Amino acid sequence: RVLLRRAFIPILLALWLILFVLGKNSTIFSNDTRKWELGKQSLYDRRHSAGFAEANHLIVVACHAVVKIEALHHLLSDSSWYLLPYQKDQGLPAIVQSHIHKGTQLTHHDPHSILIFSGGQTRRDVGPTSEAASYYYVGEHLGYNHGLHDRIYLEEFARDSFENLLFSI
């Protein structure tokens, strides 16, 4: 695992440099190059969407829990979240809410940034809701996401903190 981290982090940082720093003038994203598919939309199309085209700052919020969608009106209660035993009675709901608020606040203040909520479906007992989607729902419920919809992306595959960073870059 250490070997993988030492090998892949420089590669990922170089990829990030190419994707975000070179900008739209890069020939990598010219119409002549083969499009890399990301679901139904190509990487070229995503790079030239309203929120992504001018981005040169990446803000990552690593997610740690899943909210119970039916309990969005009681966000500061432990019972509104699917928490592991060690997460209970630690004030985690307030911490999570502050992370969501800070990430959206930074994104609002920097028009050249995109925000990624990073966290996958880490627990079977929760169902199909990812940690990233959960944070997005909370931000939406609290009005933090207002005006940022084209600049918020969900990374829904990370299972730990290392993968939060790796997959977001």
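Everything numeric here is computed off the predicted structure, so don't read it as measured data.
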Is it possible for you to say whether L92 and L84 belong to one hydrophobic cluster, with membership spreading through side-chain heavy-atom contacts below 4.5 Å?
-> no
Is a side-chain N or O of S134 found less than 3.5 angstrom from the main chain of V67, in a donor-acceptor match?
-> yes
Nearest heavy-atom neighbours spanning G119 and S130 | O-CB, 3.5 Å
Would you give the length of the straight line joining atom OG1 of T122 to atom CZ of F157, rounded to the nearest 0.5 angstrom?
-> 14.0 Å
Which atom names give the shortest non-hydrogen contact between L148 and T104, and what distance separates them?
-> CD1-O, 3.6 Å
So do I152 and T107 actually touch side chain to side chain, heavy atoms under 4.5 Å?
-> no
Would you confirm whether D78, through its side chain, and L83, through its main-chain N or O, come within 3.5 Å as a donor-acceptor pair?
-> no
Which pair of non-hydrogen atoms, one from Y82 and one from K68, has the smallest distance, and what is that distance?
-> CE1-CG, 3.5 Å
Co-membership, hydrophobic cluster, residues L154 and Y135, 4.5 Å side-chain | yes
List the steps and the verdict of side-chain contact (heavy atoms from CB on, under 4.5 Å) for Q97 and Y144.
-> CA-CA 10 Å; Q97 188 173 328; Y144 297 160; 3.5 Å; yes
Exceeds 12 heavy-atom contacts within 6.0 angstrom, atom NE2 of H146 = no
Transitively linked via ILVMFWY side-chain contacts under 4.5 Å: L106 with Y136?
-> yes
Taking every heavy atom of E131 against every heavy atom of C63, the minimum-distance pair comes out as OE1-O, 3.0 Å
Can I69 be reached from V138 by stepping across I, L, V, M, F, W or Y side chains whose heavy atoms are under 4.5 Å apart?
-> yes
Using the rule that two of Ile, Leu, Val, Met, Phe, Trp, Tyr join whenever any of their side-chain heavy atoms come within less than 4.5 Å, decide whether V61 and I114 are in one cluster.
-> no
If we only count heavy atoms from C-beta on, is the L72 to S80 side-chain gap below 4.5 Å?
-> no
For S113, does its backbone N or O pair with a side-chain atom of R151 as donor and acceptor, under 3.5 Å?
-> yes
Flag yes if more than 12 heavy atoms outside R123 fall under 6.0 Å of its CZ atom; otherwise flag no.
-> yes
Considering only heavy atoms from C-beta outward, does the side chain of L75 approach that of H141 to under 4.5 Å?
-> yes
Run the side-chain contact (heavy atoms from CB on, under 4.5 Å) check on V126 and Q121 step by step: do they pass?
-> CA-CA 8 Å; V126 171; Q121 298 174 13; over 6 Å; no
Do you know the tightest heavy-atom contact between N164 and A158?
-> ND2-CB, 3.3 Å
With side chains defined as the heavy atoms from C-beta onward, is the minimum distance between H64 and W81 less than 4.5 Å?
-> no
Identify the heavy atoms of E70 and H73 that sit nearest to each other, and give their distance.
-> O-CE1, 3.3 Å
When you look at F167 and I116, which way does the side-chain contact (heavy atoms from CB on, under 4.5 Å) test go after all the steps?
-> CA-CA 10 Å; F167 297 159; I116 297 180; over 6 Å; no
From CA spacing to verdict: side-chain contact (heavy atoms from CB on, under 4.5 Å), I100, L142 = CA-CA 10 Å; I100 297 166; L142 296 173; over 6 Å; no
CG (L166) and CD (E155) are apart, to the nearest 0.5 Å, by 9.0 Å
